[in-house]
Amino acid sequence: MTLQLHDGTEPVSPTPDDTLKARAAVEALASHAQLSLCAGEDRIEVPRAVFDLVKSILLVMAEGHAVSIMPCTMRLTTQQAAEFLNVSRPFVRDLLDRGELPYEMVGSHRRILLKDLLHFRKRHQHEHEEAMDFLSEQTQSLGFEEVGLDTQ
């Protein structure tokens, strides 16, 4: 399996063989709490954060999905930010105009730091979960029952 650190423009897509190897590696790592690398005769202990990252990468690749590693300081275009958030570019522009998402000007173009997009996404996922919890509580307090489909 080849893993590359790059600018994020092209994710690393696993081959079917990579997917099988990733599954085997996930199973092998499941019972371990640390990771060591061998470099010649030297054994290098990998920090826990890197170990967790490697496990996450392997899980994604084991499912056959592409992986991309980008530094949090990477600057994205409004189009890239829209694709990352799975929204339209005009929606991202509106977020920038309203000050809901910080950005930097590079010449005449706006650039958004990946770390700011990650923070924005996490904050909005939390708000979404709170809203869903509130709606669920309201439904229960009003005495509505869940409507389900009878499969029989």
Side-chain angles (χ1 to χ4, degrees), residues 1-92 95-96 100-104 106 110-140 144-152:
M1 175 178 2
T2 303
L3 181 64
Q4 301 168 349
L5 179 62
H6 51 82
D7 66 3
T9 56
E10 292 296 322
V12 176
S13 298
T15 65
D17 185 52
D18 290 339
T19 300
L20 291 174
K21 288 178 182 176
R23 284 184 188 142
V26 167
E27 290 174 15
L29 289 174
S31 62
H32 293 80
Q34 67 180 25
L35 181 66
S36 299
L37 300 175
C38 293
E41 301 212 2
D42 295 330
R43 184 181 177 107
I44 303 164
E45 295 297 320
V46 175
R48 179 65 191 201
V50 174
F51 176 66
D52 292 340
L53 182 59
V54 168
K55 281 179 26 180
S56 296
I57 291 167
L58 289 169
L59 283 168
V60 170
M61 291 185 87
E63 294 175 358
H65 300 293
V67 175
S68 182
I69 297 177
M70 297 181 284
C72 288
T73 56
M74 183 173 178
R75 290 172 179 83
L76 303 176
T77 66
T78 53
Q79 182 60 46
Q80 290 169 322
E83 290 170 4
F84 180 82
L85 295 173
N86 199 28
V87 297
S88 69
R89 192 169 143 246
F91 182 79
V92 170
L95 291 173
L96 300 176
E100 293 184 39
L101 191 56
Y103 65 93
E104 300 173 349
V106 177
R110 297 187 272 194
R111 297 291 183 259
I112 302 111
L113 288 173
L114 177 59
K115 70 177 185 166
D116 292 330
L117 280 174
L118 291 167
H119 179 72
F120 176 84
R121 184 175 68 179
K122 185 176 182 179
R123 186 177 74 234
H124 281 273
Q125 283 176 338
H126 180 71
E127 290 172 3
H128 175 77
E129 288 168 4
E130 285 181 340
M132 293 302 290
D133 289 344
F134 174 77
L135 288 173
S136 178
E137 290 170 7
Q138 291 297 310
T139 300
Q140 289 177 3
F144 293 118
E145 305 231 354
E146 279 191 42
V147 178
L149 297 176
D150 187 14
T151 58
Q152 296 180 1

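Residue numbers run from 1 in the order of the sequence given.
Residues P102 and L96 come closest through the heavy atom pair O-CD2, 4.2 Å. Heavy-atom minimum distance, A66 versus S13: CB-OG, 3.6 Å. The two residues A62 and T19 make their nearest non-hydrogen contact at O-CG2, 3.1 Å. Contact record, T73 with L113: O-CD2, 3.3 Å, taken as the closest heavy-atom pair. Taking each heavy atom of L76 and A81 in turn, the nearest pair found is CB-N, 4.3 Å.
Residues satisfying the salt bridge (Lys or Arg N to Asp or Glu O under 4.0 Å) test with R23, not counting sequence neighbours, are none. Looking at residues two or more places apart in sequence or on another chain, you find no ring pair (Phe, Tyr, Trp, His ring centres under 6.0 Å) involving H119.
Heavy atoms of other residues, nucleotides or ligands lying less than 6.0 angstrom from CG of D133 number more than 12.
Among residues at least two apart or in separate chains, salt bridge (Lys or Arg N to Asp or Glu O under 4.0 Å) pairs with a member in residues 49-69 are R48-D52.
Rounding to the nearest 0.5 angstrom, the gap separating the CD atom in E45 from the CG atom in L35 is 8.5 Å. Going from atom CE of M61 over to atom OG of S56 covers 13.0 Å, rounded to the nearest 0.5 Å. For the atom pair L114 CG and R121 CZ, the distance stands at 8.5 Å (nearest 0.5 Å). For the atom pair CZ of R75 and CD of Q80, the computed distance is 13.0 Å after rounding to the nearest 0.5 Å. Going from atom NE2 of H128 over to atom NE2 of H126 covers 12.5 Å, rounded to the nearest 0.5 Å. A distance of 4.5 Å separates CZ of F84 from CG of L118, quoted to the nearest 0.5 Å.
Taking the side chain as every heavy atom from C-beta outward, F91 and L85 never approach each other to under 4.5 Å. Taking the side chain as every heavy atom from C-beta outward, L95 and V87 never approach each other to under 4.5 Å.
No hydrogens or angles considered: a donor-acceptor pair under 3.5 Å links the side chains of Q79 and E83.
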- Would you please test L29 and F51 for side-chain contact (heavy atoms from CB on, under 4.5 Å) and show each step? CA-CA 9 Å; L29 289 174; F51 176 66; 3.7 Å; yes
- Query: What do the steps show when you test T77 against R111 for side-chain contact (heavy atoms from CB on, under 4.5 Å), and what is the final call?
  - Reply: CA-CA 5 Å; T77 66; R111 297 291 183 259; 3.7 Å; yes
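Side chain of D18 to backbone of T15: a donor-acceptor contact under 3.5 angstrom is found.
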